[in-house]
Q: 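Sharing a structure here in structure tokens format.
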Amino acid sequence: ENMNNSAFREKHIAISEGRFIALNKVIFVDERGRKREWESADRLNTKGAVMIIGHLMPSNRILITRQFRPPTGKYVLEFPAGLIDPGEAPEATAKRELLEETGYHGLLTFCSCPVYSSAGLSGEATNIAIVEINDYDFAAGAPTPHQEDSENIEIFAVKTAELHDFINQAIARGDGIDSKLLTFMMAQEFFHA
């Protein structure tokens with residue numbers, strides 16, 4: 001049976017709330033009419049995040065960040081990303097975060113609808129943006145990022161043909177890998193095999 005989202009009635013009850021995250025109990029009626037409970041962790045004061053695939057052309061490199069992520073206890077390789085500010089469009093967030101984290105700017109060619117990376121845990125949605133960056137605009141070298149005081153982000157411009165080895169080297173040194181970055185690598189290999 002094809003169910004749509006309107007088939008579910010739900011109520012969120014706060015269990016605990018910190019400065020950035022809330023733990024909620026979600027009470028809902030499922031497609032069979034049964035009352036069910038679920039727990040979710042949700043960010044406060046944002047409508048989600050944007051992840052940016054910065055594609056340098058014609059060198060066919062992508063921008064990857066490396067930063068310490070306290071919940072994992074390790075450095076994690078990721079695409080540049082950031083939270084959407086209140087009242088900000090995801091497209092504007094993508095441009096702002098790419099410039100802040102990496103110093104690069106370019107042409108936004110795509111921004112997805114909100115998608116979910118851990119829907120069993122959180123309702124947090126991420127828009128995926130693609131920004132094409134002209135190598136010739138940065139012929140003098142990599143630009144200077146404008147990171148926030150709390151950020152210490154390393155930036156790498158990796159050729160897509162070398163991504164697999166780059167990720168394996170990171171794993172060997174103990175880094176974590178964001179699932180979206182690994183999925184991108186696997187898709188590249190699958191479609192270019």
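Everything quoted here is computed from the prediction, not taken from an experiment.
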Q: Do Phe138 and His105 pass the ring-ring contact (aromatic ring centres under 6.0 Å, His included) test, and can you show the C-alpha distance, the side-chain angles, and the key distance before you say yes or no?
A: CA-CA 10 Å; Phe138 301 96; His105 59 83; 5.1 Å; yes
Q: With a 4.0 Å cut-off, would you call Arg173 and Asp175 a salt bridge?
A: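 Salt bridge present between Arg173 and Asp175.
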Q: Do Pro145 and Ile155 have side-chain heavy atoms sitting under 4.5 Å apart?
A: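 Pro145 reaches Ile155 side chain to side chain.
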Q: Between Pro86 and Asn45, is there a side-chain heavy-atom distance shorter than 4.5 Å?
A: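 Side chain of Asn45 against side chain of Pro86, heavy atoms only: no contact under 4.5 Å found.
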Q: Checking the side chain of Ser122 only, and the main-chain atoms of Asp42 only, is there a donor and an acceptor separated by less than 3.5 Å?
A: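 A pair under 3.5 Å: no.
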Q: State whether the number of non-hydrogen atoms from other residues, nucleotides or ligands found under 6.0 Å of Tyr75 atom OH is greater than 12.
A: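 Atom OH in Tyr75 is not crowded, with 12 or fewer foreign heavy atoms closer than 6.0 Å.
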Q: In Å, rounded to the nearest 0.5 Å, how long is the span from CE of Met51 to CZ of Phe184?
A: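 Rounded to the nearest 0.5 Å, the CE-CZ separation comes out at 8.5 Å.
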Q: Please find the pair of heavy atoms, one from Glu17 and one from Leu44, that lie closest to each other, and give the distance.
A: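 Result for this residue pair: CG-CD1, 3.4 Å.
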Q: Heavy atoms only: give me the nearest Trp38-Gly120 pair and the separation to one decimal.
A: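 Closest heavy-atom pair between Trp38 and Gly120: NE1-O, 2.9 Å.
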Q: Any side-chain to backbone donor/acceptor pair from Asn134 onto Tyr136? Under 3.5 Å, distance only.
A: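 Such a contact is found between Asn134 side chain and Tyr136 backbone.
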Q: Using side-chain heavy atoms (C-beta onward) and a distance below 4.5 Å, is Lys180 in contact with Glu78?
A: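 Lys180 does not reach Glu78 side chain to side chain.
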Q: For the residue pair Leu99 and His146, establish whether any side-chain heavy-atom pair is separated by less than 4.5 Å.
A: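 They are in side-chain contact.
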Q: In the structure I gave you, are the side-chain heavy atoms of Phe166 and Leu77 within less than 4.5 Å of one another anywhere?
A: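 The answer is yes; the side chains approach within 4.5 Å.
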Q: With hydrophobic residues grouped by side-chain heavy-atom distances under 4.5 Å, do Met57 and Leu63 end up in a single group?
A: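 As far as the 4.5 Å side-chain criterion goes, Leu63 and Met57 are not connected within one cluster.
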Q: Give the cluster check for Val131 versus Ile128: same hydrophobic cluster or not, with ILVMFWY residues linked at side-chain heavy-atom distances below 4.5 Å.
A: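 Hydrophobic grouping puts Val131 apart from Ile128.
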Q: CD1/Ile62 to CD1/Ile52 distance, rounded to the nearest 0.5 angstrom?
A: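 With rounding to 0.5 Å, CD1 (Ile62) is 13.0 Å from CD1 (Ile52).
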Q: Locate the shortest heavy-atom distance separating Thr46 from Ile84; write the atom from each residue and the value.
A: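 The answer is OG1-O, 2.8 Å.
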Q: With no hydrogens and no angle check, is any side-chain donor or acceptor of Asn127 less than 3.5 Å from a backbone partner on Ser112?
A: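 Yes, the answer is positive, given that a donor and an acceptor are paired below the 3.5 Å cut-off.
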Q: Among Ile153, Ile53, Thr65, find the residue that satisfies the side chain to side chain contact (heavy atoms under 4.5 Å, CB included) test when tested with Pro80.
A: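 Only one option passes, and that is Thr65.
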Q: So if you build clusters from Ile, Leu, Val, Met, Phe, Trp, Tyr with side-chain heavy-atom gaps below 4.5 Å, do Ile130 and Leu182 land together?
A: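 Hydrophobic grouping puts Ile130 with Leu182.
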Q: If you take all heavy atoms of Met185 and His164, which pair is closest and at what distance?
A: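 Looking at all heavy atoms of both residues, the closest pair is SD-CA, 3.6 Å.
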Q: Report whether Tyr116 and Val50 are members of the same hydrophobic cluster (ILVMFWY, side-chain heavy atoms less than 4.5 Å apart, transitive linking).
A: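 No; tracing contacts between hydrophobic side chains, which count when under 4.5 Å, never links both residues.
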Q: So, taking the atom named CD in Glu154 and the one named CD1 in Ile64, what distance separates them when rounded to the nearest 0.5 Å?
A: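 Answer for the CD-CD1 pair, Glu154 versus Ile64, is 12.0 Å.
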Q: Say you draw a straight line from CD of Glu101 to CZ of Arg96; how long is it, rounded to the nearest 0.5 Å?
A: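 So the CD of Glu101 and the CZ of Arg96 are separated by 9.5 Å.
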Q: So how far is it from Leu107 CG to His55 NE2, rounded to the nearest 0.5 Å?
A: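 One finds 13.0 Å between CG of Leu107 and NE2 of His55.
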Q: Treating Ile, Leu, Val, Met, Phe, Trp and Tyr as nodes and any side-chain heavy-atom pair under 4.5 angstrom as an edge, say whether Phe79 and Val76 lie in one connected cluster.
A: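 No, because Phe79 and Val76 fall into different hydrophobic clusters, even though each may have its own neighbours under 4.5 Å.
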Q: Provide the closest heavy-atom pair for Glu124 versus Ala49 in the form atom of the first, atom of the second, distance.
A: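 What the structure gives for the nearest pair is OE2-CB, 4.4 Å.
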Q: With no hydrogens and no angle check, is any side-chain donor or acceptor of Thr183 less than 3.5 Å from a backbone partner on Ser179?
A: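 Yes.
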Q: With the side chain counted from C-beta on, respond yes when Glu91 and Cys111 share a heavy-atom pair under 4.5 Å apart, and no when they do not.
A: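 Side-chain contact under 4.5 Å: yes.
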Q: If we only count heavy atoms from C-beta on, is the Leu121 to Glu39 side-chain gap below 4.5 Å?
A: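 SC-SC contact between Leu121 and Glu39 ruled out.
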Q: Could you walk me through whether Val158 and Arg61 pass the side chain to side chain contact (heavy atoms under 4.5 Å, CB included) test, one step at a time?
A: CA-CA 5 Å; Val158 180; Arg61 296 177 296 157; 5.9 Å; no
Q: Less than 4.5 Å apart, side chain to side chain, heavy atoms only: is that true for Leu108 and Leu98?
A: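 Result no, sub-4.5 Å side-chain heavy-atom pair not found.
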Q: Nearest 0.5 Å, what's the CZ-NZ distance between Phe28 and Lys35?
A: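 Interatomic distance, Phe28 CZ to Lys35 NZ, rounded to 0.5 Å: 11.5 Å.
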Q: Between Asp85 and Thr93, is a side chain to side chain contact (heavy atoms under 4.5 Å, CB included) present by the stated rule, with each step listed?
A: CA-CA 7 Å; Asp85 286 343; Thr93 303; 5.8 Å; no
